[in-house]
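A short write-up of the structure that comes next.
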Amino acid sequence: MFRPVESSVSFPQLEQQIIEFWRQQGIYEKSLEARAAAPSFVFYEGPPTANGLPHPGHCLTRSIKDLFPRYRTMRGYRCDRKAGWDTHGLPVEVEVCKELGIHSKEEIESYGVEPFIQKCLESVFRYTQQWEQLTERLGFWIHLDEAYVTYHQSYVESVWWALKNLFDRGLLYRGHKIVWWWAQGGTALSSGEVGQGYREVADPSVYVRFPLVDPPGELRDTDLLVWTTTPWTLPSNQFAAVKPDLEYSVVRVEGESRKLIVASALVETIAAKLKKEFQVESTLTGLEMIGWRYRPPFDYYYKKQGQQTGRLRDGGKQHIAWRVVAAEFVTIDSGTGLVHQAPAFGEVDYDVLLAERARFEDAEGPSLICSVAADGKFTAETPQYQGRWVKDCDREIIRQLKSEGTLFHQEQYVHDYPFCWRAEEDPLIQYPRQSWFIRTSQFKDLMLANNARINWLPEHIREGRFGNFLETNVDWALSRERFWGTPLPIWVCEKTGYMEAVANYAELLAKPGVGGTEVWEAAKQSRPDLAEDLKIHKPYIDAVTYDSPKAAGARMRRVGDVIDCWFDSGAMPFAQWGYPHQPGSRERFRSQFPADFISEALDQTRGWFYSLLAISTLLFSEDEDQKQDDATTPAVAYPHPYRNCIVLGLMLGEDGQKMSKSKRNYREPTEIFDRYGADALRWYFFSNQPPWTSIRYSERAIKETIPEFLLRLWNVYSFLVIYANIDGFDPAAQIAGQVGQLTPDVLARAAGYRPLAERGELDRWIVSELNRTCAAAVKRMDAYDNFTACARLTEFLDALSNWYVRRSRDRFWSGQASADKADAYWTLYECMLTTCKLIAPFVPFVAEAMWQNMAVGDFGDRAAQSVHLCDYPQGEPAAIDETLSQRMATVREIVSLGRAARMDAKLKVRQPLARVEVVLVDPTHQSWLEDHAGLIREELNVKQVDFIQKAEQYISYTVLPDLKRLGPRLGRQLPAVRKYLASADAAALLAQMEKDGQIVLQLGGDRVTLDGEDLQVRLQAKEGWSAAQGRSSVVVLSTELTDALVQEGLARELVHAIQNQRKENNYEYTDRIAVGLVCDAPELCVAFEAFADYIRAETLTVEFGFAALPDAQAIELDIAGQKVGLYVCKATE
RNA sequence: GGGCGCAUAGCUCAGUUGGUUAGAGCGCGUCCCUGAUAAGGACGAGGUCUGAAGUUCGACUCUUCAUGCGCCCA
């Protein structure tokens, strides 16, 4: 016996019970144990940060991350799923600062680095509980209690190991990085923060003369005209940039003695600004100007270095600075076409400096000029402005330019400029900071080669967004001047500058003369609850110093920086195991590398997807030049560290806008779970669109999932259970011993179970559909295509519910036990058991609930304890009957066409009709269809079905060319053939084809021979018949009605009315009733009289008469336009 | 400003190497069923496939440009 199924199911409630069951029985663990010896399917969890609440986008990611491991587990792989948490980084610090009400680094330092990072640690796990609840509620099976955590000492040491490897190979170096700098706060801002702070402001806009030095004769007394909106950067000028292929003009300005050079395209614009006449004397290209020297507006540096030259790599010498250089970024959108370059205060300017420096021999080229200190104030190198905030000096600088005659023009310029989002009055400046870099650009080709082997879904990521990003790879700016992160493990000799990297804490402690650990020990003593892991964090680690091997008495001190937290997460393939320092980590790493599958959203392309690939390529590359292949850095064939990557689309809110808490344009996941359940959400994610399309989160669509799929499935399940219990269909009583996964061969052991071949066609058909669906699901899911797999599952459910069950109803209702009835039960039972397994990875809760009742509920512990411990059904080729599938599809189409014809003729299905005629395009299945006419008769309520072919009275033929065949063969002739066939007598052509097997067309000068395969015949219903045409057939309705048919139709109308009344009166199904009719129309009376037996039988009427019943209310009916009074009450006996 | 992607029914979305009639669900309309029943089902209306040009015998599909939207980077 099965447990009765509640008529109105609450999926959320059901899911809670299943979660409890999984937890208590350790089903996830059992699913892993069952695959202990199986080949592994490697999954990497991209670690989320738990310092914010999870939102619907995380649900999508976690659903996809659950789906494929579940699926692969059922397919026979062992898929360990280790959770992870990303814990470091600026976002964490920002959260803590908010909480403390402080902003700047200075404030953090005065608050105390020690309590600050302790706060960070607390903050990191603020929402862990919510994340863990969501993970479990969503049915995401992953080992949360074994999660890797990026701040843990073991994890940090793995990162250190990797960094030491890079350092020792010369791939870690120190350089400058131009950052958006909040000078007052002493902090660099991330691009996201900068983006938040743009405001429209008016800045001074100055046009400055750079007089040429030693120009060619005709350009004596000529100045470059340069434009800038940051006058304070002019003292740090190093170059003037032009675009080589741009045309420039030498112009003479009315009333001035010196000439100017500006971009030709801007001459008029600038002239208009000054309301002066400009006269063009000559033109030249940017290319010609390259190398020309000029005198900068301030001589703080020029005075010392102006004449300095350096040796070039190509030979020869050149002045190191104050020259015209080429730059592609120069535009004529604004300014003069000549761009002032202050490399210290502009990222592109800095690139120009690097490019220039690269042309010189080492240490011969230009160094960075920076007249501003980190606090945003001028240094002693610009004594005139020393100690003053740069922006405050703009006015004075302009005045000085004016007095020296180098200011050409000045105005206000309104543009967007970034301000600090935390201190709105503080404008940001671009500023150079010393930074550590990884030489990733040296590995560009290897990264591209690695990338080329990765299976990206969607595919365009490989060549597109990700490929392009790799193509333009620049060295990874690794270090951060922050507090809460993995400390950069490099110690520097305070005297000589000698540096070395340290791979772990033990190695550090073994250094000669090590000291400073007492800082941590003291902290630990005063707060014994401090996590041990903190000891390798700032500030404790900074206190640890040791003797320099290079200078007696000097100490090695750690550089102050921490690293980019993307390096942390990108190191997870090995760091999650504490590789290589933890015992056993080498084996774990080797067995779990590379990953078969990872998935995150599109925004991770340059984040995690990149950091994983870059670190892995740098460490584990097998290219000859880079090969290391030692004990800890094995050379591994591409791709690594991931083979398949689903790049999820971004999720938008209900209104198509970015999801935002304040806009409230989405429903919280927890509410979705409570209202509709996790399966509804999951099915919505999996079945609604391919995962990489950007998806608009829609509560309505999630809700609709329930009736569309879950409830429909539930109804079939409930149908089976109801009738199985009524009829005493009890599989457990018929099968002895262990039954395990209840596969078909186990079911076959049942006494009442007949082999498929002996069962009826409908049974064979649905089993064929079931196995086809299994095969398709496996094929699609192996290709990571959950969307199409879901479509196939939905299709099967439709066939099962709307055709198999509907067509089999009376088999389940029939009173006596029979072999056919048993077939119906076994068939539906098998379908439902297999469906449970098919849907288990997608909607694990519903699948489990049904399995628990249909399998475990009946068999107890003789059956597999959970559907998730079963193998995924692959589909049995022997059970698939393609012909039968096609035939049944044709029947379903004919029925559908018949209904369309009925609607068209306004003949409702209640009205029986004499016959339909079905004209088939293709007679292949005709005799089979004839044998199944009964099915069509019932569905269409007709007395007879005829299949015919020659039916010119109802239809006309159209002969069409098979374009796919003929297109490549005929090419240009095709339109003529089409035209000919369209106008030809199709019947005659077909007759000829039948006779000769081919048709020869004379088209102009060409002869074209067509055989039967080249033509397709289409049928068209002729006007005047109630007919409907489909692809395979035309269905013609005989609309002629005999008296008997009309009477039967009327009787069915009455039955319909009586049944409605039964329901209205809340009678039990078995209640017998009395019916009285008051009816004036003789034709109705005759009809009811004639079909009285039918009416009695259908409605369980025991007393039937033509008179009002005293105990019943009169119901007025309208049947065929006539009034009928209907009285219904329970029968007296 | 650069890169990538998207644009199909009122709404949310499919559309498999270019092929004759572009599909689904919801909503809407008409109807059916009433022993899965506070369910279920059928049928129908609704589309210049964003616009323009090109390639091709043939374009929703390929190319280019334009427009709008999104993301990433500047």
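Chain letters run A, B, ... following the sequence lines, proteins first, then strands; residues in each count from 1.
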Legend entry - For B:G68, the Watson-Crick or wobble partner whose two distances fall under 3.5 Å: B:C6
Inset, instruction - Take the protein atom CG of A:Asn802 and the nucleotide atom C1' of B:A39, then report the distance between them rounded to whole Å. - result: 12 Å
Legend entry - A:Glu699 CD to B:C13 P, straight-line distance once rounded to whole Å: 15 Å
Inset, instruction - Calculate the interatomic distance between A:Gln689 atom CD and B:A7 atom P; express it in whole Å. - result: 13 Å
Inset, instruction - Under a 3.5 Å limit for both distances, which nucleotide forms a Watson-Crick or G-U wobble pair with B:U56, could you say? - result: none
Legend entry - Any strand: nucleotide that pairs with B:G23 via Watson-Crick or wobble, under 3.5 Å: B:C13
Inset, instruction - Please give the nucleotide sitting opposite B:C31 as a Watson-Crick or G-U wobble pair, both distances under 3.5 Å, or none. - result: B:G41
Inset, instruction - Check whether any side-chain nitrogen or oxygen of A:Tyr723 sits under 4.0 Å from OP1 or OP2 of B:A36, and answer yes or no. - result: yes
Inset, instruction - Side chain of A:Pro690 only, please: which of B:A42, B:U37, B:A14 is the nearest? - result: B:A14
Inset, instruction - Apply the ring-ring contact (aromatic ring centres under 6.0 Å, His included) test between A:Phe812 and each candidate in A:Tyr804, A:Tyr829, A:Tyr825; give the one that qualifies. - result: A:Tyr825
Legend entry - Check: A:Phe469 ring centroid to A:Tyr610 ring centroid under 6.0 Å: yes
Inset, instruction - Write down the partner of B:G1 under the Watson-Crick or G-U wobble criteria, each distance required to be under 3.5 Å. - result: B:C73
Inset, instruction - Find the distance A:Ile461:CD1 to B:C71:P and express it as a whole number of Å. - result: 15 Å
Kindly give the atom pairs (protein nitrogen or oxygen, nucleotide nitrogen or oxygen) under 3.5 Å for nucleotides 65-69 of chain B.
none

Inset, instruction - Let me know the distance between CZ of A:Phe469 and C1' of B:G3, rounded to the nearest Å. - result: 12 Å
Inset, instruction - Not counting sequence neighbours, list each pair that qualifies as a side chain to side chain donor-acceptor pair (under 3.5 Å) and has a residue in residues 679-691 of chain A. - result: A:Asp66-A:Arg682, A:Trp683-A:Ser687
